[in-house]
Protein chains: 2
Amino acid sequence: MSKHRPLSEDALQLVAQRFAVLAEPMRLRLIQALFDGEKNVTELVAATGGTQANVSRHLQTLTAAHILGRRKEGLLVFYRISDPTIPKLCELVCGSLEKTLSRQVAQFEAAG
Amino acid sequence: MSKHRPLSEDALQLVAQRFAVLAEPMRLRLIQALFDGEKNVTELVAATGGTQANVSRHLQTLTAAHILGRRKEGLLVFYRISDPTIPKLCELVCGSLEKTLSRQVAQFEAAG
DNA sequence: CAACTATATGCGTATATGCTCATATAAAGT
DNA sequence: ACTTTATATGAGCATATACGCATATAGTTG
């Protein structure tokens with residue numbers, strides 16, 4: 001995006017949509033729960049504290065966005081992180097947030 | 001986020017909020033327009049094709065999120081990208097999308 | 001086939017937020 | 001002081017979407 005020619009309107013829409021998928025705390029919780037390997041829906045319900053219906057919906061959203069992969073095994077459905085850029089993305093955002101926050105703390109202390 | 005202990009609920013909220021700021025095409029257009037240096041509001045209105053009111057609002061959102069910085073010079077207000085992780089973030093997402101899309105194209109062609 | 005378990009989905013509601021129009025503020029020139 | 005230009009903001013409307021409840025589907029076991 002930086003050194004390339006400007007993205008088309010369609011491409012911008014896709015990028016925005018992808019960020020939107022990551023803009024829900026429950027979906028981030030699910031992603032976080034899957035960092036240490038695949039889990040089935042019941043396990044994810046337990047790990048996140050959400051309702052089964054809501055977890056199921058969010059898993060669908062994440063799968064449609066090709067962020068998670070799905071594997072059926074009998075009655076169980078296992079989900080896993082299928083997009084390798086997701087951990088890096090989260091790290092980048094977390095790092096940036098930490099810097100911003102610690103700078104704010106420093107300014108607050110300097111002002112007091 | 002990956003190798004660290006799970007984020008607190010508050011931290012997840014912050015991360016989600018940050019992704020949400022990036023989940024709007026108009027804001028991405030503004031960021032894109034600022035990749036080659038700072039611009040004032042009127043220039044950004046022209047570059048993005050949005051209304052002045054709407055552009056101003058989005059600039060406020062991006063500034064509040066510490067993604068953009070602001071500099072007043074007489075009547076003009078210049079904005080610039082102040083978070084160095086933003087270009088990397090956009091590149092990551094774009095790269096991931098390209099891979100996903102080209103894989104989909106390949107599958108479509110293999111099926112036909 | 002009936003009962004049970006795991007997962008998905010239809011529907012209604014509440015909330016958030018992007019957009020537009022009009023107007024307010026701020027800075028500069030006459 | 002008045003006008004003009006640049007930017008910000010208040011209010012209202014329209015849309016999107018997250019959540020809860022109930023129910024549907026799929027697969028397994030008796």
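Chain letters run A, B, ... following the sequence lines, proteins first and then strands; every chain starts at 1.
Computed from coordinates, the B:Lys72 NZ to D:dA6 P distance equals 14 Å when rounded to whole Å. Whole-Å rounding puts the B:Glu24 CD to D:dA16 P distance at 11 Å.
Between chain A and DNA chain C, the heavy-atom contact criterion of under 4.0 Å yields a 5' to 3' nucleotide range of C:dT5 to C:dC11.
In terms of the side-chain contact (heavy atoms from CB on, under 4.5 Å) criterion, residue partners of B:Val45 (sequence neighbours excluded) are, by chain and number, B:Val41, B:Gln52, B:Val55. By the salt bridge (Lys or Arg N to Asp or Glu O under 4.0 Å) test, A:Asp10 pairs with no residue at all, sequence neighbours left out. Under the salt bridge (Lys or Arg N to Asp or Glu O under 4.0 Å) criterion, A:Arg70 pairs with no residue, sequence neighbours left out. Taking the salt bridge (Lys or Arg N to Asp or Glu O under 4.0 Å) definition, one finds that A:Glu43 meets it with nothing, sequence neighbours left out. Listed by chain and residue number, A:Leu14, B:Gln104 satisfy the side-chain contact (heavy atoms from CB on, under 4.5 Å) test with B:Leu101 (two or more places apart in sequence, or in another chain). For the side-chain contact (heavy atoms from CB on, under 4.5 Å) test, residues two or more places apart in sequence or in another chain that qualify with A:Leu76 are A:Asn40, A:Phe78.
Summary of the strand contacts: A:Glu73 and A:Ala20 both lie near DNA chain D, and taking for each the nucleotide with the nearest heavy atom, the more 5' one is attributed to A:Ala20.
Atom-to-atom distance recorded for B:Ile67:CD1 and B:Arg27:CZ is 8.5 Å, nearest 0.5 angstrom.
The salt bridge (charged side-chain N to carboxylate O under 4.0 Å, His left out) pairs that include a residue from residues 12-24 of chain B are B:Arg18-B:Asp83, where partners are two or more places apart or lie in different chains.
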Would you tabulate the nitrogen or oxygen pairs shorter than 3.5 Å linking the protein to nucleotides 7-12 of chain D?
unit_1: D:dT7; atom_1: OP1; unit_2: B:Val41; atom_2: N; d: 3.3
unit_1: D:dT7; atom_1: OP1; unit_2: B:Val77; atom_2: N; d: 3.1
unit_1: D:dT7; atom_1: OP2; unit_2: B:Thr42; atom_2: N; d: 2.9
unit_1: D:dT7; atom_1: OP2; unit_2: B:Thr42; atom_2: OG1; d: 2.2
unit_1: D:dA8; atom_1: OP1; unit_2: B:Arg70; atom_2: NH1; d: 2.4
unit_1: D:dA8; atom_1: OP1; unit_2: B:Tyr79; atom_2: OH; d: 2.7
unit_1: D:dA8; atom_1: OP2; unit_2: B:Ser56; atom_2: OG; d: 2.9
unit_1: D:dA8; atom_1: N7; unit_2: B:Gln52; atom_2: NE2; d: 2.8
unit_1: D:dA8; atom_1: N6; unit_2: B:Gln52; atom_2: OE1; d: 3.1
unit_1: D:dT9; atom_1: OP2; unit_2: B:Gln60; atom_2: NE2; d: 3.1
unit_1: D:dG10; atom_1: N7; unit_2: B:Arg57; atom_2: NH2; d: 2.9
unit_1: D:dG10; atom_1: O6; unit_2: B:Arg57; atom_2: NH2; d: 2.3
unit_1: D:dA11; atom_1: N6; unit_2: B:Arg57; atom_2: NH2; d: 3.3

